[in-house]
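First the structure, then my questions, so here it is.
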Amino acid sequence: MPELPEVEVTRLGFADRIAGARIEAVRLGKPLRWPLGLDPLLLVGRTVASVRRRGKYLLLDMDRGLLLLHLGMSGSLGFNSLGLPEPGSHDHFDLVTSRGSLRLNDPRRFGAVVYADAETAPEAVKLLGRLGVEPLSEGFLLDAFHAGLKRRKAPVKQVLLAGDVVVGVGNIYASEALFMAGIRPTLSAARISRPRAARLFEAVREVLALAVRKGGSTLRDFSNTEGQSGHFQLEAMVYGRQGQPCRVCGTPIRQIRQGQRATFFCPSCQKA
DNA sequence: CACGGATCCTGATGGC
DNA sequence: TGCCATCAGGATCCGT
């Protein structure tokens with residue numbers, strides 16, 4: 001479900017409100033993706049200092065140690081200043097603090113909650129160590145991006161999704177960015193010319209930044225920590241529009257499958 | 001090492 | 001209405 005923009009919008013929704021809070025209780029539901037001995041008693045009494053994002057992970061820094069949260073395909077976080085209703089069957093993690101309660105709801109349970117003593121601890125490095133550069137940071141540079149594409153022979157769509165060149169681009173925004181750049185998703189990343197790499201570089205930044213501004217996409221079930229929906233889907237150029245006319249040239253949008261994932265593109269606007 | 005495929009889990013949807 | 005197959009915004013692991 002959540003790609004970088006949804007995770008960032010989620011973070012913005014509760015980061016300031018939870019900062020400085022003391023953890024008072026933790027409730028665990030069904031096991032998530034990595035049931036690495038998360039000990040609730042270990043967390044109680046600690047203070048949440050800040051909430052950062054790395055790729056699609058949220059990092060809750062505490063006065064000692066940090067929690068890594070991932071929303072997987074179907075996860076969402078809610079923050080309630082007053083308290084929490086009885087947990088439903090998909091509420092798998094509650095963090096009750098002095099300033100309010102954070103709740104993770106995740107029907108498919110591909111998400112994760114992992115504790116690490118430090119960002120350099122093995123549990124954190126295992127999850128964060130191979131992540132690529134942040135696309136909305138000043139560290140995202142065209143030279144390195146193009147070099148990263150050059151050394152990958154796989155289709156550019158799958159290289160974007162892999163997250164080791166640049167993080168945060170999920171299935172929706174990969175199709176959208178490639179449309180914006182006029183590049184066929186099946187094209188080998190290594191064969192992308194410098195000018196086209198530059199267009200893709202800008203497209204990735206623009207599509208993600210726009211989605212953050214718009215409050216995230218809601219092609220299915222995204223809602224922010226206030227329970228409000230985003231409205232990126234109103235702006236999708238290709239995603240989910242197979243058979244419908246391209247918004248630029250009118251040619252029917254085509255859907256293909258790459259690595260078990262749906263890809264959408266305009267056969268006329270996007271050249272190999 | 002890079003790549004393609006299978007896999008974890010549950011819910012929604014569409015065909016018969 | 002029931003049943004079954006397919007698909008879903010992610011990421012890891014395994015075999016080649």
Side-chain angles (χ1 to χ4, degrees), chain A residues 1-10 29-36 53-58 68-77 88-93 104-114 123-132 148-178 185-191 204 207-208 211-212 214-224 229-243 255-264:
Chain A
M1 156 210 172
E3 304 183 30
L4 182 151
E6 292 76 25
V7 177
E8 179 64 11
V9 168
T10 296
K30 292 182 194 170
L32 295 163
R33 179 163 190 168
W34 297 293
L36 302 179
R53 181 188 54 74
R54 180 72 179 98
K56 298 169 190 169
Y57 287 91
L58 286 174
L68 295 93
L69 308 187
H70 197 289
L71 303 180
M73 295 267 279
S74 58
S76 62
L77 280 176
S89 60
H90 301 314
D91 295 324
H92 303 305
F93 176 74
L104 172 65
N105 179 279
D106 185 3
R108 288 178 74 182
R109 290 195 280 134
F110 287 177
V113 180
V114 173
E123 302 80 35
V125 170
K126 181 166 186 256
L127 301 180
L128 308 176
R130 297 183 45 185
L131 295 183
L149 296 179
K150 277 256 182 237
R151 71 179 97 90
R152 303 291 296 274
K153 191 178 171 244
V156 59
K157 154 84 163 9
Q158 288 173 258
V159 172
L160 288 177
L161 280 185
D164 45 7
V165 174
V166 57
V167 295
V169 184
N171 205 40
I172 295 179
Y173 300 116
S175 282
E176 294 297 316
L178 287 164
T186 48
L187 179 63
S188 167
R191 298 187 49 200
V204 165
V207 75
L208 295 178
V212 171
K214 294 286 187 177
S217 106
T218 55
L219 284 160
R220 267 195 187 71
D221 51 14
F222 176 73
S223 62
N224 62 24
S229 288
H231 46 279
F232 181 80
Q233 82 281 8
L234 298 178
E235 324 240 345
M237 298 296 279
V238 290
Y239 187 86
R241 299 193 66 246
Q242 69 276 20
Q255 174 177 5
I256 60 173
R257 191 152 281 273
Q258 293 180 286
Q260 334 282 87
R261 315 295 301 277
T263 298
F264 303 85

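Naming convention: chains lettered A, B, ... in sequence-line order (proteins, then strands); numbering from 1 in each chain.
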- Message: Is there a side-chain contact between A/R33 and A/H70 in this structure, where contact means two heavy atoms from C-beta onward sitting under 4.5 Å apart?
- Response: no

- Query: Can you tell if the side chain of A/N171 reaches within under 4.5 Å of the side chain of A/L161, non-hydrogen atoms only?
  - Reply: yes

- Message: With the criterion set at under 5.5 Å between ring centres and under 30 degrees between planes, would C/dA11 be stacked on A/F110?
- Response: no

- Quick note, A/H70 side chain, CB onward, closest among B/dG4, C/dA11, B/dA2 is C/dA11

- Could you check which nucleotide pairs with C/dT12 in any of the strands shown, counting Watson-Crick or G-U wobble with both distances under 3.5 Å? B/dA6

- Message: Distance check, P atoms only: B/dG5 and C/dC7, in whole angstrom units.
- Response: 15 Å

- Message: Using a heavy-atom cut-off of 4.0 Å across all strands, would you classify A/A162 as base, sugar-phosphate, or nothing?
- Response: nothing

- Task: Would you kindly give the CE-to-C1' distance between A/M73 and B/dC8, to the nearest whole Å?
- Result: 11 Å

- Message: Heavy atoms from C-beta onward define the side chain here; which of C/dC13, B/dG11, C/dG10 lies closest to that of A/K56?
- Response: C/dG10

- Message: Over all strands shown, is A/R261 touching base, sugar-phosphate only, or nothing at heavy-atom distances under 4.0 angstrom?
- Response: base

- Please determine, for the side chain of A/P107, which listed nucleotide (C/dG10, B/dG11, C/dT12) has the closest atom? B/dG11

- Message: Under 4.0 Å, heavy atoms only, any strand: does A/G259 hit a base, just the sugar-phosphate, or nothing?
- Response: nothing

- Check: A/T186 and A/Q258 side chains under 4.5 Å, non-hydrogen atoms: yes

- Item | Flag side-chain contact, heavy atom, 4.5 Å: A/Y57 against A/L131 | yes

- Task: Using whole Å, report how far CD of A/Q258 lies from C1' of B/dC3.
- Result: 13 Å

- Query: Do the side chains of A/V238 and A/E176 get nearer than 4.5 Å, heavy atoms only?
  - Reply: yes

- Message: Need to verify one output field. Residue with the more 5' nearest nucleotide on DNA chain B, A/Q260 or A/K153?
- Response: A/K153

- Would you call A/L160 and A/V165 a side-chain contact if the rule is heavy atoms closer than 4.5 Å? no

- Message: Between C1' on C/dA8 and CG on A/D106, what's the gap in Å once rounded to a whole number?
- Response: 13 Å

- Query: In whole Å, what is the span from the CG atom of A/D164 to the C1' atom of B/dC1?
  - Reply: 12 Å

- C/dA8, B/dG11, C/dG10: which one has an atom nearest the side-chain heavy atoms of A/Y239? C/dA8

- Task: Return no unless some side-chain N or O of A/R33 is found under 4.0 Å from OP1 or OP2 of B/dC9.
- Result: no

- Rounded to the Å, how far apart are A/L161 CG and C/dG10 C1'? 9 Å

- Query: Do A/R109 and B/dC9 have a side chain to base donor-acceptor pair shorter than 3.5 Å?
  - Reply: no

- Message: I need the CZ-C1' distance between A/R257 and C/dT6, as an integer number of Å.
- Response: 9 Å

- Task: Ignoring backbone atoms, establish whether A/H90 has a side-chain N or O less than 4.0 Å from OP1 or OP2 of B/dG11.
- Result: yes

- To the nearest Å, give me how far apart CG (A/L32) and C1' (B/dT7) are. 17 Å

- Item | Protein-nucleotide distance (A/R108, atom CZ; C/dT6, atom C1'), rounded to Å | 12 Å

